Amino acid sequence: MKKIILLFLALAIALTVMAEDSSEHLSSWLSSSPCPILGGELSNSAATSVADIDEVMPRMRALGLNTVLVPAYWELMEPVEGQFDFTLIDRTIDVARREQLHVVFLWFGVWKNSMSCYAPGWFKQDSKRFPRAMTAEGRQMEIASCFSDNVLQADLIAFSALMRHIREKDPQREVVIMMQIENEIGMLESARDYSPLAEKAYHKERWAERYGTDEYADEKFMALCYARYVEHLAKTAREIHDMPLYVNAAMNSRGRRPGEYPSAGPLAHLIDFWHEGAPSIDLLAPDIYDTGFKSWCAQYAMPLRPQDGGQIKNRLFIPESRCCENSGVRALYAFGEHQALGFSPFAIDQASPKETESVTKAYALLRQLANGKWLNSKLSWGLLFDKTDHERIINDDGIVMTCHHYFTLPWDPRATNGTTWPEGGAMLIRLNKYDYLLAGSGVVIDFKTPTEKQQEQQKTLGEDGFAEAGGSTGQKSNKRFNGKRLGLLSVDEVSIADDGTIQYLRRHNGDQTHQGRHARIGIGEWKILHIKLYEY
């Protein structure tokens, strides 16, 4: 209990000293907070009543989360124009405070998954005052036009009222630590809006002359216009109650074209348009549901750039990811490889225990690593493997680490008997030369010098370390081995105490290290190993 309280007090203090510039918001938070967002996003209707909130928030704490992403519904907050009801907002903050949880509110305002489905009834029913976007054929869509000042003003009034109320309810940002503006903003059916207001803006910008007339040019136009719209809300939010702000994006996956996915949202290929139009937004965040998790992460983890004065172009934050049995190792990868700001499986309140178990166990490891202030270490790597992508070689200052999925061990029958390979993943951290931490599940690592790696002979060995009967032991070489080798000095299973010290639990050796050949954590196991090497 003391550990949890200290973590949240430290995060609250970090948030109160944030500077006005958006990049300083994040750098201040990352340098001062001992533990980034170990989150979970509630399903879309999980907080639509007081009873919902009372039931779900304690469950989220029991799962090991430190932050819950909770929708703030415009239709329930302003059911009558100009009359606001903050009952659900207040209840969320009160219960989160009691459960020692942080909250990120998601503004389900004009757009949610492109559509204007969470706008109040009085807004939806007055399409003359609040016009809709149109296709090129003139068909109105259930998408309010971002070119309408009436749409913007209605959204801005409601969002401003929400920000003012949160400031009054939680002035020190002890509970509400970040805001999402809109949700998966973007165009569907058409790459851009063809309503009269949109056409006027399109021709005023002379867009076709600048970028052409294909659907990708249309998408860029809409991206800039959506970003300008969001900037009005973000700038106002900053003036009312300053905290980190982000927008999230539905991915342009599976070969779909603009209009077939929520096009013009804060996608990686449109980041410059979003930065131009919405400079007050801190983060563009990917919602990752499709295959290729590592590739999506890489697109949004944009490092320091000299042309930006050494500022990070975009910090990786994953507000939504498919909640599944692989969620835990994916979180470890995101923090290890990209020093992510946070990770959050979607609809975690509706997930099965089998799906949430990996999240709980991975977050327990990440909390321990946070005690040692290793989550933002630049000397870390993320490992994530499946059946088709099962090896990574890392060269760290003359130490060659060959990392594998656990099922690549030749004696494990699940490697070849048709068993579906669960993903294996881990965070690998360098403490000093010859000194590493490995935290995760389902991975194997061996360590060699570069010359040893170049001269290694492939051999098939059994679990006992002996050659398999009749198996290949490699071709005999006439070349004499030159150079030095690396060995395992010790492999200890450890925990990390609240003060960051490494606590010994047990020694791994013999069968657990393949007689000194590798360090490993099995599928279904969640451990931290302290690995020390020596040269001979």
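Computed from a prediction, not measured in an experiment: that's the story for all the values here.
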- Task: State, with a plain yes or no, whether a side-chain heavy atom of V103 is found less than 4.5 Å away from one of F105.
- Result: yes
- Heavy-atom side-chain proximity of H232 to T236 below 4.5 angstrom: no
- Task: For salt bridge (Lys or Arg N to Asp or Glu O under 4.0 Å), just list the numbers for E55 and R59, CA-CA rounded to whole Å, side-chain angles, deciding distance to a tenth of an Å, and then say yes or no.
- Result: CA-CA 7 Å; E55 185 277 331; R59 283 201 291 120; 2.6 Å; yes
- Nearest heavy-atom pair of L316 and P286: which atoms, and what distance? CD1-CG, 4.1 Å
- Decide whether H269 and E219 meet the rule of one side-chain donor and one side-chain acceptor closer than 3.5 Å. yes
- Message: If we count only N and O atoms by modelled type, under 3.5 Å, do the side chains of E199 and Y194 hold a donor and an acceptor together?
- Response: no
- Task: Output yes when a side-chain donor or acceptor of S327 lies under 3.5 Å from a complementary backbone atom of R322, and no otherwise.
- Result: yes
- Item | Under 3.5 Å: donor-acceptor pair, side chain of S190, backbone of T135 | no
- Query: Short question: side chain of Q153, backbone of I157 - any donor-acceptor pair under 3.5 Å?
  - Reply: no
- Item | Minimum-distance pair of heavy atoms, taken over all atoms of K128 and P131 | O-CD, 4.0 Å
- Message: Using every non-hydrogen atom in the two residues, find where H275 and K313 come nearest and quote the distance to one decimal.
- Response: CE1-O, 3.1 Å
- Message: Could you tell me if the side chain of L383 sits less than 4.5 Å from the side chain of Y333, heavy atoms only?
- Response: no
- Task: Would you mind telling me which of R238, E231, K235 makes a side-chain hydrogen bond (donor to acceptor under 3.5 Å, both in side chains) with S280?
- Result: E231
- Task: Give, for atom CD1 of I185 and atom SG of C146, the distance between the pair rounded to the nearest 0.5 Å.
- Result: 7.0 Å
- Query: Rounded to the nearest 0.5 Å, what separation is found between the CG atom of N183 and the CG atom of N248?
  - Reply: 4.5 Å
- Please round to the nearest 0.5 Å and tell me the distance separating atom CG of L369 and atom CG of L375. 5.5 Å
- Query: Are Y246 and Q180 close enough that a side-chain donor and a side-chain acceptor fall under 3.5 Å?
  - Reply: yes
- Task: Please lay out, stage by stage, how L63 and V359 fare under the test side chain to side chain contact (heavy atoms under 4.5 Å, CB included).
- Result: CA-CA 8 Å; L63 288 178; V359 177; over 6 Å; no
- Message: Do Q339 and S380 pair up side chain to side chain, a donor and an acceptor below 3.5 Å, judged on atom types alone?
- Response: yes
- Minimum-distance pair of heavy atoms, taken over all atoms of F346 and C323: O-CB, 3.4 Å
- Item | D290 side chain vs S253 backbone, donor-acceptor pair below 3.5 Å | no
- Once you round to the nearest 0.5 Å, how far does NZ of K220 lie from CZ of F273? 5.0 Å
- What pairs of residues pass the side chain to side chain donor-acceptor pair (under 3.5 Å) test when at least one of them lies in residues 40-54, not counting sequence neighbours? S43-D349, S43-Q350, N44-K112, T48-D52, S49-D52, D54-R91
- Output yes when E357 and K361 qualify as a salt bridge under the 4.0 Å nitrogen-oxygen rule, no when they do not. yes
- Item | F130 and W122, any side-chain heavy atoms less than 4.5 Å apart | yes
- Message: Given 3.5 Å as the limit, does a donor-acceptor pair link the side chain of D389 with the main chain of G292, or not?
- Response: no
- Message: Set out, in order, the CA-CA distance, both residues' side-chain angles and the distance that settles side chain to side chain donor-acceptor pair (under 3.5 Å) for S195 and D193, then state yes or no.
- Response: CA-CA 6 Å; S195 67; D193 182 359; 3.1 Å; yes
- Is a donor on one side and an acceptor on the other found under 3.5 Å between the side chain of D170 and the backbone of V176? yes
- Task: Can you establish whether the number of heavy atoms outside R206 located under 6.0 Å from its atom CZ is more than 12?
- Result: no
- Task: Check step by step if salt bridge (Lys or Arg N to Asp or Glu O under 4.0 Å) holds for D386 and K294.
- Result: CA-CA 12 Å; D386 58 23; K294 291 193 286 189; over 6 Å; no
- For residues F335 and W374, establish whether the separation of their ring centroids is below 6.0 Å. no
- State, yes or no, whether a side-chain contact exists between N371 and R367 at a heavy-atom distance under 4.5 Å. no
- Message: If you apply the rule side chain to side chain contact (heavy atoms under 4.5 Å, CB included), what do you find for M178 with L283, and how did you get there?
- Response: CA-CA 11 Å; M178 188 157 63; L283 297 163; 4.3 Å; yes
- Item | Contact check, side chains of R97 and E174, non-hydrogen atoms, under 4.5 Å | yes
- Query: So, Y211 versus F221, ring centres under 6.0 angstrom or not?
  - Reply: no
- Would K169 and D94 satisfy salt bridge (Lys or Arg N to Asp or Glu O under 4.0 Å), going step by step from the backbone distance to the final call? CA-CA 9 Å; K169 183 73 175 176; D94 289 341; 2.9 Å; yes
- Under 3.5 Å donor-acceptor, S116 side chain and V110 backbone: yes
- Query: Going by distance alone, is a donor N or O of one side chain under 3.5 Å from an acceptor N or O of the other, for D85 and T87?
  - Reply: yes
- Item | Distance (rounded to the nearest 0.5 Å) between N314 CG and Q299 CD | 11.5 Å
- Note on the structure: What one should report as the nearest heavy-atom pair of S114 and M187 is OG-N, 4.2 Å
- Please name all residues satisfying salt bridge (Lys or Arg N to Asp or Glu O under 4.0 Å) with R256, sequence neighbours left out, ordered by chain then number. none
- Message: When you measure from the side chain of N326 to the backbone of E423, do you find a donor-acceptor pair of N or O atoms at a distance under 3.5 Å?
- Response: yes
- Hey, does the side chain of W107 reach the backbone of L162 with a donor-acceptor pair shorter than 3.5 angstrom? no
- Query: Between E260 and R254, does at least one N-O distance fall below 4.0 Å, as a salt bridge requires?
  - Reply: no
- Are any of the side-chain heavy atoms of E78 and Q83 separated by less than 4.5 Å? no
- Item | W74 side chain to D155 side chain, donor-acceptor N/O pair below 3.5 angstrom | no
- Item | Any donor-acceptor pair under 3.5 Å from W381 side chain to A426 backbone | no
- Side-chain ion pair, E205 and R228, N-O less than 4.0 Å: yes
- Message: Do R192 and Y202 form a cation-pi contact, if we require the NZ or CZ to be under 6.0 Å from the six-membered ring centre and within 45 degrees of the ring's axis?
- Response: yes
- Message: Restricting to non-hydrogen atoms, name the atom on L366 and the atom on M427 that form the minimum distance, rounded to 0.1 Å.
- Response: CD2-SD, 4.4 Å
- Given S344 and I37, is the side chain to side chain contact (heavy atoms under 4.5 Å, CB included) satisfied, shown in steps? CA-CA 8 Å; S344 174; I37 291 172; 5.6 Å; no
- Between the side chains of D90 and H165, does any donor sit under 3.5 Å from an acceptor? yes
- Do Y226 and W111 make the cut of ring centroids closer than 6.0 angstrom? yes
- Trace of the side chain to side chain contact (heavy atoms under 4.5 Å, CB included) decision for R392 with I394: CA-CA 7 Å; R392 180 181 182 183; I394 300 169; 3.8 Å; yes
